[in-house]
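The block underneath contains the structure these notes are about, expressed in structure tokens.
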Amino acid sequence: MMPFWTMTLGRLIFAEGHIVVPYRNIATLAGGLVIPLMVGLLIRRLFPRVADCLAKALKPLAGIFICVIVVFGIYANLYMFQLLDTMVLLSATCLVLLGYAFGGTAAAVMRQSWPDALTIAVETGIQNTGIAIFILRVTLEQPEADINTVVPVAVAIMTPVPLFILWVLQKCVLSRFGICVAKNAEEKICPVACIEEGQQHNSASVEKLLPNNNDMPVNWQFSSLNNVTTVQPKIRIDEIRGRRLSIFDKEHKRQQDLIPRLEKIEVTYEGLNDEKTTLVMNKGVSTPYNCAQHINEQLLKRSVVAEVNGEIWDMHRAIPADCTLKLLHMKPEDPHQATLVNKAFWRSCSFLLGAIVESAFQDEISVCLHSFPPANVRSGSFVYDVQLNLNDWVPSQNDLRQIAASFQKFVRQDHIFQRLDVDSSVALKMFEDNAFKAEQIPHIATKSSTGRSVTVYRVGDHIDISRGPMIASSSLVGRCSIAAIHKLNSKLYRFQGVALPSEIHINHFAFSVLESRARKLASSNPKIQFDKFFELTSFIIIILFFVCAFSESRKDS
């Protein structure tokens with residue numbers, strides 16, 4: 001756009017000037033940007049593991065380079081600060097703010113989602129000052145080049161200021177009142193800095209509280225709810241689940257009827273020591289779980305998820321064509337596979353937590369499942385955000401124990417995770433009683449391969465939305481605990497838990513350390529917190545250098 005602007009509006013402004021646009025230099029600069037980006041995309045596409053290793057190695061190195069560039073760049077261009085005046089700074093600030101406002105307003109008018117509108121606002125407000133500085137440098141003679149470069153430099157200085165102020169306002173002010181300005185694109189998570197510490201409890205107390213008969217917890221009477229008022233009546237959860245199950249079973253039967261006749265496929269199983277076994281299975285019907293049944297019972301019990309042609313796959317998801325199959329357990333030697341298995345385990349625990357919480361309250365308390373963020377092992381806990389029609393509920397330790405007992409009882413029932421891909425219209429009908437799910441479904445469907453598909457899972461009589469994959473069975477979840485329940489706003493509560501796979505056993509002290517960590521309010525991505533810390537540190541360093549630069553320029557004056 002810069003050459004286009006120069007050849008149109010620029011000619012009117014500089015009618016008497018003789019500006020020669022250095023197109024060759026601009027093309028060289030563009031090539032220097034595009035070629036490395038293409039190389040990076042190819043590495044990410046063809047060699048994802050290499051890309052992950054490079055990202056971990058280059059991220060701290062890039063941070064060091066940024067700090068070096070900022071320090072030496074400011075020192076070498078101290079004269080810029082002598083040319084800054086109030087009018088230039090005011091103009092630069094207005095340009096940035098108008099960019100943010102215009103982008104956000106346009107996105108809101110076009111009915112973009114909150115994350116997309118926020119992204120458009122930021123991308124519009126951030127001007128490409130690098131291109132402007134480059135063109136001025138190579139186009140104008142000195143000292144005009146230095147004088148005119150002051151304006152884009154001022155814009156670059158003022159660009160992060162509104163974002164930094166908003167970030168500080170959110171962290172230090174708005175979060176204390178339960179007001180959120182940042183939401184997750186997929187799950188609509190609204191992380192708020194509101195932490196309520198709980199006390200640890202041992203597994204023995206959980207065992208004593210286990211119910212005896214029912215698979216699901218029904219209408220717990222939490223002691224902390226005695227003096228809490230409800231806002232609106234609750235629709236009975238058994239009626240809601242019954243209707244969802246009816247739609248699920250009907251759709252599953254319809255899809256099964258679409259298979260005209262059984263066709264055979266070859267599944268090459270790759271085991272330990274490069275051992276290969278070829279199985280003849282049924283196309284669109286047989287699953288990795290069925291393949292494991294033909295190999296050995298120990299493999300069947302240990303397998304958590306499968307890998308079909310290099311893609312992580314549910315154990316109970318039908319195989320569509322000839323493939324290479326690997327069966328993964330909870331202790332894979334490959335670090336990449338270990339990460340994928342851990343995410344599947346964490347995601348499944350969040351799903352199970354939603355199943356427990358949805359039916360854990362009395363009939364007069366309305367429970368509406370909101371969402372759970374993408375699985376993140378580093379967060380220290382699996383979570384589920386739930387809307388309750390309660391005012392000022394402060395859960396007690398006994399409440400946490402009751403929920404944990406119900407969770408433990410439910411996972412021991414050995415429920416399988418049944419996956420079903422449905423049309424968005426079917427999903428909307430299935431979750432028409434849940435306003436949050438109804439809002440999320442169209443957005444999720446647009447990101448599917450068909451543009452209309454939504455994946456739902458069934459465990460027992462509970463059905464929920466998730467991209468998956470999930471673990472094979474709830475019995476793969478071992479020791480667990482509900483660590484905390486945090487209040488995010490007036491009605492939204494974040495339930496947090498921690499669990500271990502059934503084949504992993506640790507002592508009570510070690511598990512209590514995990515419980516203590518899981519009590520902290522979990523964000524959807526702890527890396528974001530590190531990035532914000534890095535940005536804050538970098539911003540403080542830049543401000544300090546600006547102060548030194550202004551002080552130096554005053555001395556020179």
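We count residues from 1, following the sequence as given. Predicted, not measured: the structure shown is a model, and the values here were computed from it.
- Taking NZ from K283 and SG from C323, the interatomic distance works out to 12.0 Å, rounded to the nearest 0.5 Å.
- Counting only distance, with no hydrogens or angles, the side chain of T105 and the backbone of A101 share a donor-acceptor pair below 3.5 Å.
- From L369, atom CG reaches atom CG of D385 across 10.0 Å, with rounding to the nearest 0.5 Å.
- Judged purely by distance below 3.5 Å, without hydrogens or angles, the side chains of S473 and D414 pair a donor atom with an acceptor atom.
- No salt bridge links R111 with D116; every basic N to acidic carboxylate O contact stays at or beyond 4.0 Å.
- Atom CD1 of I471 sits about 13.5 Å away from atom CG of L328, to the nearest 0.5 Å.
- When only modelled atom types and interatomic distance are considered, D423 and S425 share a side-chain donor-acceptor pair under 3.5 Å.
- Residues Y100 and L163 have side chains in contact (heavy-atom distance under 4.5 Å, counting atoms from C-beta outward).
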Would V459 and Q418 count as a side chain to side chain contact (heavy atoms under 4.5 Å, CB included) here? Give the steps.
CA-CA 7 Å; V459 176; Q418 185 179 0; over 6 Å; no
Where do Q496 and K520 land on the side chain to side chain contact (heavy atoms under 4.5 Å, CB included) test, with the steps shown first?
CA-CA 9 Å; Q496 297 184 188; K520 296 180 180 180; 5.7 Å; no
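- When atom types are taken as modelled, the side chain of H370 and the backbone of L492 share no donor-acceptor pair closer than 3.5 angstrom.
- Side-chain atoms of P501 and F345, non-hydrogen and from C-beta on, do get closer than 4.5 Å to each other.
- Residues E307 and Q337 meet the side-chain proximity criterion, which asks for heavy atoms closer than 4.5 Å.
- Note: H462 and F351 have perpendicular aromatic rings, judged against thresholds of 30 and 60 degrees for the angle between ring planes.
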Dump the intermediate steps for side chain to side chain contact (heavy atoms under 4.5 Å, CB included) on R401 and S481, then the final yes or no.
CA-CA 8 Å; R401 293 189 183 98; S481 171; over 6 Å; no
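- For the 3.5 Å distance criterion, the side chains of D421 and T455 qualify, holding a donor opposite an acceptor.
- With hydrogens and angles ignored, the 3.5 Å screen pairs a side-chain donor or acceptor of S512 with a backbone N or O of F509.
- Distance alone, capped at 3.5 Å, places no donor-acceptor pair between the N389 side chain and the I365 backbone.
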As a quick check of understanding, evaluate ring pair (Phe, Tyr, Trp, His ring centres under 6.0 Å) for H486 and Y493, giving each step before the final call.
CA-CA 6 Å; H486 298 293; Y493 293 83; over 10 Å; no
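- Residues R254 and E251 are paired through a salt bridge, judged by an N-O separation under 4.0 Å between the basic side chain and the carboxylate.
- At a threshold of 4.5 Å between non-hydrogen side-chain atoms, the residues S381 and R519 do not count as touching.
- At a threshold of 4.5 Å between non-hydrogen side-chain atoms, the residues L420 and Q255 count as touching.
- Ionic pairing of E432 and K437 is not present here: no N-O contact between side-chain nitrogen and carboxylate oxygen is shorter than 4.0 angstrom.
- Less than 6.0 angstrom separates the ring centroid of H415 from the ring centroid of F410.
- Ion pair E297/K301 flagged as a salt bridge, since at least one NZ, NE, NH1 or NH2 atom sits closer than 4.0 Å to an Asp/Glu carboxylate oxygen.
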Would you sort out whether Y384 and F372 count as a ring pair (Phe, Tyr, Trp, His ring centres under 6.0 Å), showing the intermediate values?
CA-CA 5 Å; Y384 209 118; F372 55 94; 5.2 Å; yes
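- Within the model, atoms OG of S348 and NZ of K343 stand 13.5 Å from one another, a figure rounded to the nearest 0.5 Å.
- For the pair R479 and F511, the cation-pi criterion (under 6.0 Å, within 45° of the ring axis) is fulfilled.
- No donor-acceptor contact under 3.5 angstrom links the side chains of N342 and T339, judged on distance only.
- Here the options are D433, D461, D249, the test is salt bridge (charged side-chain N to carboxylate O under 4.0 Å, His left out), and the partner is R243; only D433 passes.
- Using a 4.5 Å heavy-atom threshold, the side chains of L340 and V305 count as separate.
- Here D52 does not pair with K56 in a salt bridge; the nearest charged N to carboxylate O distance is not below 4.0 Å.
- At a threshold of 4.5 Å between non-hydrogen side-chain atoms, the residues L400 and I485 count as touching.
- Nearest heavy-atom pair across A51 and R44 is CB-CZ, 3.5 Å.
- Atom OG of S303 sits about 10.0 Å away from atom CD of Q298, to the nearest 0.5 Å.
- The backbone N or O of A445 sits less than 3.5 Å from a side-chain atom of S448, completing a donor-acceptor pair.
- Between the side chains of D399 and Q402, not a single donor N or O lies within less than 3.5 Å of an accepting N or O.
- Under the 4.0 Å criterion applied to side-chain N and carboxylate O atoms, D464 and R244 are not assigned as salt-bridge partners.
- Pairing each heavy atom of P469 with each of R347, the nearest pair is O-NH1, 2.6 Å.
- Taking the six-membered ring for Trp and thresholds of 30 and 60 degrees, F382 and W346 have ring planes more than 60 degrees apart, a perpendicular arrangement.
- Atoms CG and OG1, on N296 and T277 in that order, are 9.5 Å from each other to the nearest 0.5 Å.
- In this structure the side chain of L388 never reaches within 4.5 angstrom of the side chain of K491, judged on heavy atoms.
- Taking every heavy atom of both residues into account, I319 and C291 meet most closely at CD1-SG, 4.1 Å.
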For residues 308-315, please give each side-chain donor-acceptor pair under 3.5 Å, one per line with the distance, not counting sequence neighbours.
residue : atom : partner : partner atom : Å
N309    : OD1  : T324    : N            : 2.9
W313    : NE1  : R317    : O            : 3.1
D314    : OD1  : Y457    : OH           : 3.0
D314    : OD1  : M470    : N            : 2.7
D314    : OD2  : R419    : NH1          : 3.1
D314    : OD2  : Y457    : OH           : 2.8

